[in-house]
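Inspection log for the structure reproduced underneath, given as structure tokens.
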Amino acid sequence: MPKITPSNIPLMTTFIAATQFDRPALAKQYDIYIISYQHVADKQERAEVKKTIPGQLYKTGCILSLVDDFSKHYYVLLPQQHNFRFDDPRVAVKRANFDYTPPYVLDKLLLRALARNLTQANGAVSRFEQNGLYYLVDFKKTRKAKTINNKLVAVEIDIDTDWSGNNGTSEVPRALIAKVVTFTPVEELQDASGKLYPEYARGQRYALDLTSALVSKSVKGDYIKAAASKFKNRVAAIDLKDLDLELFERTKTGVINQCLEDIKTVYGDMFTVTLASFSSHLELLPKGNEIQKHYAAIHQQLLQHAMVLVNTTKDKQAEQKLLLKLAADGYQAMCAEAPEQGSLNLLITYNKDTYPKGQDPYQLVKQANLDVIIQNCTIENLFDANGQLSSHVYEVLLKELFVKLELSTKQILLDNMPDTLGATYILAEHISNDAEIRYHSLKIDNAKIQFGLLSQADIAILKQLISPQHSKMLTGSKWQVKPLMYWPEQQEYVFITDTPAVPLADLSGIMPILLSIEHSRGKVIPKALIEQFCQQYPGNSAAMLLQQHLAKDNATNDMKVSDAKAILKDKSLLRSRAKEQLNQWLQNYGITLWQSVKKRQDGFLQAHWGLRVFAEHHLYFSANVQAVKASYGNFSRMYRLCGNRPDIPINFYDLLTPSHIRHKQYSVMPFPFKYLREEEERLRTLSTYPTQTPKASTD
């Protein structure tokens, strides 16, 4: 197993350590009103009021921001001494006192008001708002040529509550969140006759005003807040491949950083947000070629079984390429018209969205072969744009087949898997429109996987055992119920829950580098400066190369930084110490050619690498365990362990390390939950298609 070692690199997260308000100063600039509909007794009427009031409030033209506190009130922020009138007999309107406005309402009001405040301050077109704060990061062309408007891809910044941190004795933790939102032109969501597709027909319309940099609700607006395609528009968590400031600002990390700067610009000391940093933590990192050895063991297990390829498409070329690859890797691979019992079956299909409802071949084949090991692969994913087999997807397919083989045999087939700590692993399944919850359980004893269902008596014991602040994690709605580890004999439990927070790259270290490179981009390197360097460091091959280019044109007295960087990309200087020596020397004169942010020891990107454990806070996150990269598509969410155990055993984190559960990475859930989810899906298929019932299991 990998080793957990201490780390002294501070790590910032999006957890909010503190928000501070100068309430008297804020009261001189802003007013807060409470719009209450709590006296509306009829449930249906109250829902209608809740839905229509925000739009009417924004029509007054004076609302800076609005917050729904989910207790039959809306709070609105306005410029101070604005003559606000809102006459609607369904609601009560009352001016609020800043001193008594809850902090969780006030910070949201001020955050969401940034858009209008910044527009007035500098006319920036990268921020716009409607009941939120959105940073525009991309304009995307639409599918339909006749559409006039582009899709708007934005990152929404807001504050969310981490209820998993509620211990009943202190304030519930909160975090900044960043999520992607797409505003799609209405025309993009219409059929050939010009009619909106049903799923968008009742969507709220929005209008874009580039002059004021605002997106506002509008009955006849040109946009609907929805992604038009079935494939989501994505915004990278961070991108530092080129150390380009503009590219960085279009990532989620860049937007978070920009938001923090905007808060300082607009509010100064009146409102401050401090993000929580953890001064020390533990890191769990792989040893050498540990992951490669793990996958080699999987390969040896799979080679003992016949492989059958079932192609439901008309693409014979794809079938042959996959067949040849399997044969080259030593598999007994063959093609067949249908899956075979006792074999490992790979099914080739098109993307499920291309089939009519109920005609997805994978579901139909599973229905007819409930006892057979089948893994689906789509041509769209299996082959890249050049028609070449994706090695990553190919490896994932084999890995998933291996997991299904283990489930079929109900046996852990790899040696040296982590000890499962004697726990019972429990997942909840909501059935009958959430009226009933079924609790699936798993135990692993001597490498044998034992599945079951909790009895009503077991559930009653758990309900008595679990503390009130954790009760919704057992009996709440789908998003509230969390994976559970349970030790009946010791009467101990641990819930594993995701938080809204994520770890952040070291912005205090990265931003000076980006600003320095941005500042240097428009500069030139004087010829005299290059000559001075050559005199001081004779024989430096990087500087000599620059001198040679300057010598070609005697009239040139200096060189653009961009030209110098292009010249120094010469293959002869690859990983050259001479380049680094020149770069460091030029920095003394305010010129930065490049700088690495990927060095592990610098810690700039520690938030995106390794399995990080904050034992004191019962928090952890699992990120990339391969080489540190300069670009990451997704954040690694922070997870919290909640329960009645005073300390989480260190070997709990070993349960996250079997790298085939999350392909060549460490997982965020103990590996037994992977088996439990697969079994839950199998049972769901059985209940949906009860025509064939496999032999009853005695495990």
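These figures come from a predicted structure and were not determined experimentally.
Remark: of the listed residues Thr499, Asp162, Asp498, Asp162 is the sole one forming a side chain to side chain donor-acceptor pair (under 3.5 Å) with Arg640.
Minimum interatomic distance between Lys252 and Val235 (heavy atoms only, all atoms of both residues): CE-O, 3.4 Å. Taking each heavy atom of Glu188 and Thr142 in turn, the nearest pair found is OE1-CB, 3.1 Å.
With sequence neighbours excluded, no residue forms a side chain to side chain donor-acceptor pair (under 3.5 Å) with Ser636. Glu400 pairs by the salt bridge (Lys or Arg N to Asp or Glu O under 4.0 Å) definition with Lys674, not counting sequence neighbours.
A salt bridge links Arg174 with Asp107: at least one charged nitrogen is closer than 4.0 Å to a carboxylate oxygen. A salt bridge links Arg521 and Glu518; the closest N-O separation between the charged side-chain nitrogens and carboxylate oxygens is under 4.0 Å. Salt bridge Glu580/Arg577: absent, no basic N to carboxylate O contact under 4.0 Å.
A donor-acceptor pair is defined here as one N or O able to donate and one able to accept, closer than 3.5 Å; such a pair exists between the side chain of Asn540 and the backbone of Ala578. The backbone N or O of Phe383 sits nowhere less than 3.5 Å from a side-chain atom of Ser390 that would complete a donor-acceptor pair. Here the side chain of Thr251 pairs no donor or acceptor atom with the backbone of Ala236 at under 3.5 angstrom. Proximity of a side-chain donor or acceptor of Lys523 to a complementary backbone N or O of Gly590 within less than 3.5 Å is detected. Side-chain atoms of Asn150 never come within 3.5 Å of backbone atoms of Leu152 as a donor-acceptor pair (strictly under, hydrogens ignored).
Taking the six-membered ring where tryptophan is involved, the planes of Phe278 and Phe614 are tilted, since the angle between them lies from 30° to 60°. Ring geometry for Tyr620 against Tyr653 counts as perpendicular: the plane angle is over 60°, on a 0 to 90° scale with 30° as the lower cut. Taking the six-membered ring where the residue is Trp, Tyr206 and Phe183 present perpendicular rings, their angle passing 60° and hence far from 30°. Taking the six-membered ring where the residue is Trp, Tyr267 and Phe271 present perpendicular rings, their angle passing 60° and hence far from 30°.
More than 12 heavy atoms of other residues, nucleotides or ligands lie within 6.0 Å of CD in Gln536, so this atom counts as buried by the packing criterion. For Asp269, the CG atom sits in a loose shell: 12 or fewer heavy atoms of surrounding residues, nucleotides or ligands are nearer than 6.0 Å. Counted within 6.0 Å of CD on Gln532, heavy atoms from surrounding residues, nucleotides or ligands total more than 12; the atom is thus considered enclosed.
Counting heavy atoms from C-beta on, the side chains of Leu208 and Asp222 never come closer than 4.5 Å. Considering only heavy atoms from C-beta on, Val597 comes within 4.5 Å of Ile513 through its side chain. For the pair Ile591 and Val524, the minimum side-chain heavy-atom distance is 4.5 Å or more. Side chains of Gln20 and Val273 form no contact here, defined as non-hydrogen atoms less than 4.5 Å apart. Two residues are said to be in side-chain contact when any heavy atoms from C-beta on lie closer than 4.5 Å; Leu504 and Thr13 fail this criterion. By the 4.5 Å heavy-atom criterion applied to side chains, Leu397 and Leu382 are counted as neighbours.
Side-chain contact annotation: Lys225 with Tyr134, donor-acceptor N/O pair under 3.5 Å present. When only modelled atom types and interatomic distance are considered, Gln535 and Glu531 share no side-chain donor-acceptor pair under 3.5 Å. In this structure, a donor-acceptor pair under 3.5 Å is absent between the side chains of Asp506 and Gln606. With 3.5 Å as the limit, one finds a donor-acceptor pair spanning the side chains of Asn381 and Thr378.
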Next on the checklist: Before you tell me yes or no, could you show the steps for Lys293 and Glu290 under salt bridge (Lys or Arg N to Asp or Glu O under 4.0 Å), namely the whole-Å CA-CA distance, both residues' side-chain angles and the distance that decides it to 0.1 Å?
Outcome noted: CA-CA 5 Å; Lys293 288 181 178 179; Glu290 166 208 331; over 6 Å; no
Checklist entry - Between Tyr394 and Asp329, is a side-chain hydrogen bond (donor to acceptor under 3.5 Å, both in side chains) present by the stated rule, with each step listed? => result CA-CA 11 Å; Tyr394 173 76; Asp329 287 347; 2.7 Å; yes
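Both the sub-6.0 Å distance and the 45° axial angle are not jointly satisfied by Lys629 relative to the ring of Trp609. Annotation: cation-pi geometry satisfied between Lys664 and Tyr295 (NZ/CZ under 6.0 angstrom from ring centroid, within 45° of ring axis).
Atom CG of residue Asn257 and atom OG of residue Ser508 lie 10.0 Å apart, to the nearest 0.5 angstrom.
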